[in-house]
Amino acid sequence: MSLPAIAPAPVCIVGAGALGSLVAARLALGGQAVCLIGRAAQVQALAAGGLELQDASGTHRVPLPASTDIATVAQAGLVLLCVKSADTKAAAHQMAPHLRPGVPLLSLQNGVANGPLLARLLQRPVLVGAAYIAAAQPAPGQVRHAGGLAITWGALPGPLGDAFDADTLAAVQQRLQAGGFELRMSEAPLAELWRKLVVNCAVNAVSALAQAPYGVMAAVPAVRELQAAVVQEAVAVAQAEGQALNAAEMQAAVAGVMQRMPAQRSSTAQDLARGRRSEIEQLNGEIVRAGARHGIHTPVNQALLALVQLQEAVNLEKA
Ligand SMILES: NC(=O)C1=CN([C@@H]2O[C@H](COP(=O)(O)OP(=O)(O)OC[C@H]3O[C@@H](n4cnc5c(N)ncnc54)[C@H](OP(=O)(O)O)[C@@H]3O)[C@@H](O)[C@H]2O)C=CC1
Ligand SMILES: CC(C)(CO)C(=O)C(=O)O
């Protein structure tokens, strides 16, 4: 008599917004057990009718278990963190009593500081991923995928030098593979986060200030010049931080991202459109602060930071 198969512990995704919902939907469609942890409006919409996933192949309805209770991470075999950077600390504190020892936590957030912050707050090694994926959440219960499936990911050691073993990393890779993501494992994940940061600095604020999709931005020569200046500054800062980034390669990376997702407006654009605070402090703001530490002038990043902050203040005033 054969024993019944034991269902694998689900992938719990904390943050049921644009990216978290899209990743959850693709994993579920790929046969993975998932659980989304999010805010009440999204959880209620998912309970009522599942998630409406809009992508290049059409519109799909995906049933997705979801909860507002972060203690659900106690059941997880893998946790993906998909909250905005300003929410990382709170999410870490809320998860800490429930995360089982040894269960991998992968941050798919933008910015270079979330992974190290999580490792410090949770006193464990963490995984970080640079996600080149275009997601938007038009309304609760909906998610739109506008291109890109690449995730370059790897492990950051814990504060005590503790690390993941090869079997754990292979298991994470296998589970993510089910979602059809284009995965690349990196031995230098912090450098990958810096690469993504440079892309975000060149793309996000401009898209946000004009509410422009990337295809339109790419067609304006003066925007490409502005982006080249952002990249020059950001790469100089990254190099001063010990990351071996190359400006020409990063210019090409920016152009490639905009080409792969022409209809996308950045996550920063989505925040401003909803009158919410954005992650600009963790994007161009990171370059300005690190530049100041190294005596590197970053006037173009500084201007984008100021303009996005101004728009945030205007939105607050209106609210
Ligand atoms: N959108 C995209 O295309 C991409 C985004 N990213 C990165 O992924 C991360 C998430 O971005 P995105 O999905 O766009 O952001 P969203 O704002 O769309 O989603 C984040 C969600 O997490 C919720 N949340 C915050 N804290 C908690 C918590 N403690 N428990 C449960 N839910 C919580 C938020 O609720 P509330 O708003 O009520 O606080 C929100 O619904 C960011 O770092 C972003 O830079 C990376 C690549 C692409
Ligand atoms: C990948 C990209 C550029 C998608 O828009 C993103 O990271 C963001 O919007 O924050």
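Order of appearance sets the numbers: ligands from 1, and atoms from 1 within every ligand.
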Heavy-atom proximity to atom 18 (O) of ligand 1, picking from A18, A136, G15, C82, points to A18
Nearest protein heavy-atom contact for atom 8 (O) of ligand 1: which residue, which atom, what distance? L19 CD2, 3.4 Å
Of all the heavy atoms in K196, does at least one lie under 4.0 Å from an atom in ligand 1? yes
Fellow cluster residues of V43, listed by chain then number, with links counted only when side-chain atoms sit under 4.5 Å apart: none
Return the closest protein heavy atom for atom 44 (C) of ligand 1 as residue, atom name and distance. E279 OE1, 3.4 Å
Considering only heavy atoms of Q264, which atoms of ligand 2 have at least one such atom less than 4.0 Å away? 4 (C), 5 (O)
Just checking, any donor-acceptor pair under 3.5 angstrom between side chains of E281 and Q309? yes
For ligand 1, note which part of I133 has a heavy atom under 4.0 Å away: side chain, backbone, both or neither. backbone
Please list the nearest protein heavy atom to atom 9 (O) of ligand 2 with its residue and the distance rounded to 0.1 Å. S267 N, 2.8 Å
I want to know if ligand 2 touches N204 in the polar sense, i.e. an N/O pair below 3.5 angstrom. yes
One pair to check against side-chain contact (heavy atoms from CB on, under 4.5 Å): V223 and V216. What are the steps and the verdict? CA-CA 10 Å; V223 168; V216 175; over 6 Å; no
Please determine whether any non-hydrogen atom of A134 lies less than 4.0 Å from an atom of ligand 1. yes
Determine yes or no for a side-chain-to-main-chain donor-acceptor pair under 3.5 angstrom, with R184 supplying the side chain and T152 the backbone. no
Students should be able to answer this: which protein heavy-atom is nearest to atom 6 (C) of ligand 2, and at what distance? N200 ND2, 3.5 Å
Within a strict 4.5 Å, meaning less than it, do heavy atoms of the L122 and L105 side chains meet? yes
Which of these, L108, I151, V83, has its nearest heavy atom closest to atom 24 (N) of ligand 1? V83
Give the residue, atom name and distance (to 0.1 Å) of the protein heavy atom nearest atom 19 (O) of ligand 1. G17 CA, 3.2 Å
Testing the 3.5 Å rule here: is there a donor-acceptor pair between the side chains of S107 and N114? no
Could you check whether any side-chain heavy atom of E312 comes within less than 4.5 Å of a side-chain heavy atom of S278, counting everything from C-beta outward? yes
Give the numbers and elements of all ligand 2 atoms closer than 4.0 Å to a heavy atom of S266. 5 (O), 9 (O)
Where the side chain of R224 meets the backbone of A218, is there a donor-acceptor pair that is under 3.5 Å apart? yes
Does anything in residues 24-38 pair up under side-chain hydrogen bond (donor to acceptor under 3.5 Å, both in side chains), and if so which pairs, sequence neighbours excluded? Q32-R175
Protein contact of atom 47 (C) of ligand 1 - nearest heavy atom, named by residue and atom, plus distance: A131 O, 3.3 Å
Please confirm whether I133 comes under 4.0 Å of ligand 2, counting heavy atoms of the residue only. yes
Distance to 0.1 Å, residue and atom name: give those for the protein heavy atom nearest to atom 37 (O) of ligand 1. R276 NH1, 3.6 Å
Where is the nearest protein heavy atom to atom 5 (O) of ligand 2: which residue, which atom, and how far? Y214 OH, 2.5 Å
Side chain or backbone of Q94 under 4.0 Å from ligand 1, or both, or neither, by non-hydrogen atoms? side chain
What's the verdict on side-chain contact (heavy atoms from CB on, under 4.5 Å) for N110 and Q282, showing C-alpha distance, side-chain angles and the deciding distance? CA-CA 8 Å; N110 285 334; Q282 289 81 24; over 6 Å; no
Min heavy-atom dist K196 to ligand 2 below 4.0 Å: yes
With only distance considered, is S85 within less than 3.5 Å of ligand 1 through an N or O on each side? no
Would you mind listing which atoms of ligand 2 come within a distance below 4.0 Å of any non-hydrogen atom of N110? 6 (C), 7 (O), 8 (C), 10 (O)
Between S207 (side chain) and S266 (backbone), is there a donor-acceptor pair under 3.5 Å? yes
Any idea which atoms of ligand 2 are less than 4.0 Å away from a heavy-atom of M261? 4 (C)
What protein heavy atom is closest to atom 26 (N) of ligand 1, reported as residue, atom name and distance in Å? R39 NH2, 3.2 Å
Measure the distance from atom 11 (O) of ligand 1 to every protein heavy atom, then report the residue, atom name and distance (to 0.1 Å) of the closest one. K84 CE, 3.6 Å
List the steps, then state whether side-chain contact (heavy atoms from CB on, under 4.5 Å) holds for W153 with L169. CA-CA 10 Å; W153 68 286; L169 296 177; 3.9 Å; yes
Checking Q211 side chain against A269 main chain: does a donor-acceptor pair fall under 3.5 Å? yes
Looking at ligand 2, is there an atom of it that comes within less than 4.0 Å of some heavy atom belonging to Q270? no
Atoms of ligand 1 under 4.0 Å from any heavy atom of Q264, numbered from 1 in the order shown, are 3 (O)
Donor-acceptor check, side chain of E233 to backbone of V300, threshold 3.5 angstrom: yes or no? yes
Does V257 offer a backbone N or O that forms a donor-acceptor pair with the side chain of Q264 under 3.5 Å? no
Just checking, any donor-acceptor pair under 3.5 angstrom between side chains of H297 and Q302? no
Donor-acceptor pair, side chain of E279 and main chain of S85, under 3.5 angstrom: yes
Using a heavy-atom cut-off of under 4.0 Å, does the side chain or the backbone of R274 touch ligand 1, or both, or neither? neither
Check whether any N or O atom of G20, backbone or side chain, sits under 3.5 Å from an N or O atom of ligand 1, and answer yes or no. no
What is the closest protein heavy atom to atom 1 (N) of ligand 1, and at what distance does it sit? A135 O, 3.2 Å
